[in-house]
Amino acid sequence: VPRLPKTSVIITVHNEAMSVLLRAVTSVIQTTPVELLEEIIIVDDASDMEHLEKGFDSRFKDFSNVKVLRIPKRIGFLLSRNKGALISSAPVLIFLDSNIECTQGWVSPCWRGLLRTEARWSALTWISLTRTPLSMSWQLMMLWRLFWNLKYEWIN
């Protein structure tokens with residue numbers, strides 16, 4: 001198994017419930033191998049809900065590897081992710097939504113596409129919630145990788 005470089009996880013948020021955001025951050029920390037996780041960057045895209053305006057940064061002060069970037073004017077989901085990427089310190093970036101919950105093994109599919117050939121970017125979509133409360137099953141729906149020449153290929 002090759003030694004993998006550190007990873008920055010970037011989570012963009014706008015007017016998300018604090019409990020949902022805390023669950024997302026905690027699940028990333030608890031399920032990502034410590035040797036891979038450099039940092040978690042939370043990018044707040046000009047939230048205007050009171051619980052996110054006051055005391056937001058202090059909620060994460062006890063997490064040593066969590067950075068909070070506040071964007072004062074709404075710039076949108078994609079530009080917010082780019083702002084997070086600009087302050088990241090790891091060579092690999094993983095972008096997550098703020099309303100996620102990671103489970104054991106979530107990071108492995110992200111790396112699968114990067115470990116093959118000269119791919120520089122991979123994307124995946126998975127997870128299927130079942131009708132049974134609090135249960136979910138993993139389904140890797142698609143995985144693809146992007147090369148520097150801007151061609152991409154699907155990975156089975």
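Linking Ile, Leu, Val, Met, Phe, Trp and Tyr whenever their side-chain heavy atoms come within less than 4.5 Å leaves Ile100 and Val20 in two separate clusters. Linking Ile, Leu, Val, Met, Phe, Trp and Tyr residues whenever their side-chain heavy atoms come within less than 4.5 Å places Ile71 and Ile87 in a single cluster. With hydrophobic clusters built from ILVMFWY side chains whose heavy atoms lie under 4.5 angstrom apart, Val43 shares a cluster with Leu79.
Nearest heavy-atom pair, Ala85 versus Leu93, reported as atom, atom and distance to 0.1 Å: CB-CD1, 3.6 Å. Contact detail for Asp97 and Phe77: the closest heavy-atom pair is OD1-CE1, 3.9 Å. Closest non-hydrogen pair, Arg59 versus Leu22, comes out as NH2-CD1, 3.1 Å. Taking both residues in full, the closest heavy atoms of Pro5 and Val92 are given as CG-CG2, 3.8 Å, listed atom of the first, atom of the second, then distance. Closest approach of Glu16 to Leu21, counting heavy atoms only: CG-N, 4.4 Å.
To the nearest 0.5 angstrom, Glu35 atom CD is 10.0 Å from Thr7 atom OG1. In this structure, OG in Ser98 is found 10.5 Å from NE2 in His14, a value given to the nearest 0.5 Å. Residue Phe95 holds its CZ atom at 9.5 Å from CG of Leu78, rounded to the nearest 0.5 Å. Rounding to the nearest 0.5 angstrom, the gap separating the CH2 atom in Trp106 from the CD atom in Glu101 is 12.5 Å. One finds the OG1 atom of Thr32 at 7.0 Å from the CD1 atom of Ile40 (value rounded to the nearest 0.5 Å). Note that CZ of Phe63 and CD1 of Ile29 are 5.0 Å apart. Values are rounded to the nearest 0.5 Å.
Across Val66, Ile94, Leu96, Ile41, a single residue satisfies side-chain contact (heavy atoms from CB on, under 4.5 Å) together with Ile11, and that is Leu96. For the salt bridge (charged side-chain N to carboxylate O under 4.0 Å, His left out) test with Asp44, the passing option among Lys83, Arg70, Lys73, Arg74 is Arg70; the others fail. Tested against Cys102, the residues Val9, Val25, Val28 include a single side-chain contact (heavy atoms from CB on, under 4.5 Å) partner, Val28.
Of the possible polar contacts, one joining the Ser47 side chain to the Asn15 backbone as a donor-acceptor pair under 3.5 Å is found.
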Side chain to side chain donor-acceptor pair (under 3.5 Å) between Ser8 and Glu39, intermediate numbers included
CA-CA 5 Å; Ser8 292; Glu39 63 198 350; 2.6 Å; yes
